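Structure first, commentary second.
Atoms within each ligand, like the ligands themselves, are counted from 1 in listed order. Treat the numbers as computed from the prediction; the structure is a model and nothing was measured.
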Amino acid sequence: MAFSHLQTQLQTQAQQGLYRSRRVIDSPQGIVLQLQNQTVINFCSNDYLGLANHPAVVKAFKNAADTYGVGSGAAHLICGHSHAHHALEEELAAFTGRDRALLFSTGYMANIGVINALVGRGDTVLEDRLNHASLLDGGLSSGAKFKRYAHADSAHLAELLAEASGNKLVVTDGIFSMDGDAAPLPELAAVAKQHDAWLMVDDAHGLGVLGVNGGGLLAQTNLGQDDVQVLMGTLGKGFGTFGAFVAGSEVLIETLIQSARTYIYTTALPPAVAEATRASLHIIQSEPWRREKLLALIQQFRTGAEQLGLSLMPSASPIQPILIGDSQRAVAISQALLAAGFLVSAIRPPTVAQGTARLRVTLSAEHEPHHVNSLLNALEKANT
Ligand SMILES: *Cc1c(COP(=O)(O)O)cnc(C)c1O
């Protein structure tokens, strides 16, 4: 019978501790989440600065809904590009120190669209092995020769670039989403330049969180658009809203408007989301205390976890995974933490490599030191 393997496949996934299911949330995003029958402390959101339910962001969203309604009505190139979108693009360009910025409806679509617009048959795309799925999918679907280099290994990248043909695009996460470590951007940029390649950085987890004024990993490493020609950022993480953008030169952005299929053939974000994002951008730039507090919480967590002998990763970001190894064990610990009132997700293959299942703890500027202490106590009891 057609598709009869689906049921078997689901059973196998369940037996291997790889089955995925959703939890229904009854409250706004925040440090305290109301699940259907339990209140928990949230340690798995990407809302690192606590902006997803910030009163000023919510107010901007509501006011904009009064002005613009809910739906954008069409794609940007048809009649869906509002003043709210346009103003946000200009502010994001200034914020990232690039000529122009272009909004996309999601980060996944931005990555697919950009890579496909820049390279194709006869070209080469080179990606870090641990890149986000959307970057890997973009590279694989582009028709360009697809090469992966060893994680954060600029020497390996240089070897591959020496043999690469056509236009060469190097693609990396800024902060790796499941590991929390940072790509060695100055080295990658130097190697790319030596080989006449472009460098694209997905700073989904760095923007808002790192660098002076929250400018992200590129602000922190002081790399401009001549070093990193393509900067991609998402709005659903540190910004606390939804959507994504790409920033770079005039030529890059005009090329994307003409040829990025995931830009052209999709409905624009609701303008109210753009207005809400303008409010969160303002908070990101004007409230450095959020980043300072977050850094202190990260330090507190790492010190405590090291004292407990937990297996941390070399991360200075709010993503602080604890390596467990076995998938079923990671799930069991995540369940024990949930029973104790803490929401921490178990990340398993194929999201991460076989044998490297982990608890992905994330911190937010809305956490207080006592939240971190109580999580550490629960981790000790959960027999990690
Ligand atoms: C979340 C994420 C994306 C996808 O962004 P969405 O807006 O959620 O589609 C892309 N890249 C990285 C590194 C991410 O963490």
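Close approach of ligand 1 to His205 is summarised as follows: ligand atoms under 4.0 Å from at least one heavy atom of the residue are 14 (C), 15 (O). For ligand 1, the atoms closer than 4.0 angstrom to any heavy atom of Ala204 are 12 (C), 13 (C), 14 (C), 15 (O).
Residue-level proximity to ligand 1 for Asp202 is carried by the side chain, the only part with a heavy atom below 4.0 angstrom. In Ser177, the part holding a heavy atom less than 4.0 Å from any atom of ligand 1 is the side chain. The part of Asn111 lying near ligand 1 is the side chain, judged by heavy-atom distances below 4.0 Å.
In terms of protein heavy atoms, atom 6 (P) of ligand 1 is closest to Gly107 N, 3.3 Å. Ranking the protein heavy atoms by distance from atom 4 (C) of ligand 1 puts Tyr108 N, 3.6 Å first.
At a cut-off of 3.5 Å, with distance as the only test, no side-chain donor of Thr8 or His5 sits close to an acceptor on the other residue. Arg261 and Ser259 share no donor-acceptor pair across their side chains, judged by distance under 3.5 Å alone. Side-chain contact, His205 with Tyr48: a donor N or O sits under 3.5 Å from an acceptor N or O. Side-chain polar atoms of Ser345 and Arg358 form no donor-acceptor pair below 3.5 angstrom.
Taking the six-membered ring for Trp and the full ring otherwise, Phe104 and Tyr263 have centroids separated by under 6.0 Å.
Residue Ser134 places a heavy atom less than 4.0 Å from ligand 1. At a 4.0 Å cut-off, at least one heavy atom of Lys237 sits close enough to ligand 1 to count as contact.
Ion pair Lys193/Asp226 not flagged as a salt bridge, since none of the NZ, NE, NH1 or NH2 atoms sits closer than 4.0 Å to an Asp/Glu carboxylate oxygen. Of the charged side-chain nitrogens involved, at least one lies within less than 4.0 Å of a carboxylate oxygen, so that Glu368 and Lys293 count as a salt-bridged pair.
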